[in-house]
2 protein chains.
Amino acid sequence: MKYSKKDRQKLLLETLEKNPFVTDENLAFTFHVSVQTIRLDRMELSIPELRERIKSVAAHNFGEEVKSLPIDEVIGEIIDIDLDKQAISILDITKEHVFARNGIARGHHLFAQANSLAVAVINDDLALTRKSTLTFVKPVKAGDRVVAKAIVINSDAKKNSTLIEVTSKVENETVFVGQFSMYRVTMS
Amino acid sequence: MKYSKKDRQKLLLETLEKNPFVTDENLAFTFHVSVQTIRLDRMELSIPELRERIKSVAAHNFGEEVKSLPIDEVIGEIIDIDLDKQAISILDITKEHVFARNGIARGHHLFAQANSLAVAVINDDLALTRKSTLTFVKPVKAGDRVVAKAIVINSDAKKNSTLIEVTSKVENETVFVGQFSMYRVTMS
DNA sequence: CTGATATTAGTACCAAGTGCTAAAATGGTG
DNA sequence: CACCATTTTAGCACTTGGTACTAATATCAG
């Protein structure tokens with residue numbers, strides 16, 4: 001069953017979209033036409049040859065190295081801090097923080113900002129996250145400026161434990177809420 | 001200034017590691033040797049030819065199995081995946097992942113590994129974290145190899161919701177547990 | 001100096017193409 | 001049905017970036 005030229009070219013595009021690693025010979029076989037026809041089709045649709053297709057796939061992802069979480073102690077920029085009471089940080093979301101596919105910020109960046117703010121607000125030598133509950137209220141997009149505010153809910157000195165709530169907002173709209181139960185110790 | 005064979009081969013490896021898109025001719029020129037020498041070097045080091053190198057980079061990134069997320073957007077290395085069922089990734093903790101102060105891995109790296117694994121295991125076009133509860137059971141140190149295993153607990157198609165539990169272990173000892181409630185949509 | 005190691009040269013061949021010309025098949029319209 | 005345009009197929013020379021193999025030189029170490 002042969003397709004019309006139009007249909008075949010449409011299918012060709014879809015096929016190569018799904019899997020660019022197919023030779024003309026292979027395509028010719030699957031579409032029951034000659035290799036030359038496939039070549040003509042590629043010309044008309046300006047689809048590059050196999051090697052170029054592969055190269056572009058490779059180059060694309062090779063250049064687009066996803067930024068891992070930075071080394072700084074705090075993710076985001078602290079703009080206000082009142083030790084053991086509250087702190088505020090801002091993080092500008094760029095295209096490096098989002099999924100290429102849908103432009104939505106990856107959860108761990110919001111978590112990282114909130115968590116490191118929770119660590120920073122604690123006035124102790126050692127602060128570790130013990131437990132946390134997170135709610136991603138609303139998707140954050142590239143270009144958004146996320147303002148995170150950490151509030152110390154309570155501090156139980158005996159248990160070496162502190163409860164902190166972090167609320168992150170974009171243009172005054174809550175996008176993320178996290179409760180952090182922190183373990184803390186003063187050394188010396 | 002010619003290098004010794006040993007030095008040249010070492011540099012060759014590094015060069016191609018950084019940029020696999022280089023022809024033998026090009027390499028011959030930069031190392032001031034003949035093309036044949038480069039080929040011999042590649043044989044000895046069992047480095048595949050340009051096209052195969054490019055193909056493997058492309059194939060790697062075009063990971064046919066992982067749909068939700070391009071493979072290099074995953075924090076850690078996925079070593080096994082059974083879509084909608086379970087997945088395993090490993091992350092080697094280096095000094096860049098830990099607090100300089102105490103050598104303990106910062107929570108967001110463990111979260112990032114677990115969360116991105118939860119996203120990857122979902123066989124859908126869009127997967128976002130809605131809520132999560134985390135427990136940091138035991139501190140992780142530089143040098144530790146964290147093995148995270150994500151298990152899909154249930155999938156409610158009507159609610160577009162999936163519950164995933166991720167358990168991370170170091171040398172078979174649980175260091176982190178996270179429950180992720182994920183929002184998922186199939187596009188088309 | 002000699003032998004081993006390293007390097008270069010040259011040939012035939014391959015895959016997956018491009019670019020070009022030309023013939024054959026097919027299809028729609030009067 | 002015939003005719004002309006579109007579509008498809010065929011064939012050939014040439015290209016890149018190699019492999020596989022053989023053979024000739026360089027280079028160095030003892």
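Throughout, protein chains are lettered first and strands after them, A, B, ... in sequence-line order, and every chain is numbered starting at 1.
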Joint cluster assignment, B:Leu50 & B:Phe29, ILVMFWY side-chain distance < 4.5 Å:
no
Distance check needed: D:dG17 P versus B:Ile47 CD1, whole Å only.
18 Å
Across the strands shown, which category fits B:Val33 at heavy-atom distances under 4.0 angstrom: base, sugar-phosphate, nothing?
sugar-phosphate
In whole angstrom, give the distance that lies between atom CD of A:Glu44 and atom C1' of D:dT7.
9 Å
Taking NZ from A:Lys55 and C1' from D:dG18, how many angstroms apart are they, rounded to a whole number?
13 Å
Around atom CD of B:Glu14, are there more than 12 heavy atoms of other residues, nucleotides or ligands at under 6.0 Å?
yes
Without decimals, in angstroms, what is the distance between B:Leu50 CG and C:dA16 P?
15 Å
Under 4.0 Å: is that the gap between some side-chain N or O of B:Arg39 and OP1 or OP2 of C:dT8?
no
Mark yes or no for a side-chain to base donor-acceptor pair under 3.5 Å between A:Arg51 and C:dA15, with no hydrogen or angle criteria applied.
yes
Could you check how far CD of A:Gln9 sits from C1' of D:dT8, rounded to whole Å?
12 Å
In terms of side-chain heavy atoms of B:Asp24, which of C:dG19, D:dT19, C:dT7 is nearest?
D:dT19
Distance in angstrom units between B:Lys5 NZ and C:dT5 C1', rounded:
7 Å
Decide if atom CD of A:Glu44 counts as having more than 12 heavy atoms of other residues, nucleotides or ligands within a radius under 6.0 Å.
yes
The answer to which of B:Arg42 and A:Leu40 contacts DNA chain D further toward the 5' end, by nearest nucleotide, is A:Leu40
For B:Asp84, is there an ion pair with B:Arg184 - N to carboxylate O distance below 4.0 angstrom?
yes
Name the residue closer to the 5' end of DNA chain D, choosing between B:Arg53 and B:Gln36 according to the nucleotide with the nearest heavy atom.
B:Arg53
Interatomic distance where CZ belongs to B:Phe21 and P belongs to D:dG17 [whole Å]
14 Å
Using a heavy-atom cut-off of 4.0 Å across all strands, would you classify A:Arg8 as base, sugar-phosphate, or nothing?
sugar-phosphate
In this structure, how many angstroms lie between the P atom of C:dT8 and the CG atom of B:Asp41, rounded?
10 Å
Does a side-chain N or O from B:Thr37 land closer than 4.0 Å to OP1 or OP2 of C:dT7, or not?
no
OP1 or OP2 of D:dG17 versus the side-chain N and O atoms of B:Thr23: is any pair under 4.0 Å?
no
State whether A:Glu77 and A:Arg145 are salt-bridged, where the test is any N-O pair (Lys NZ or Arg NE/NH1/NH2 against Asp/Glu carboxylate O) under 4.0 Å.
no
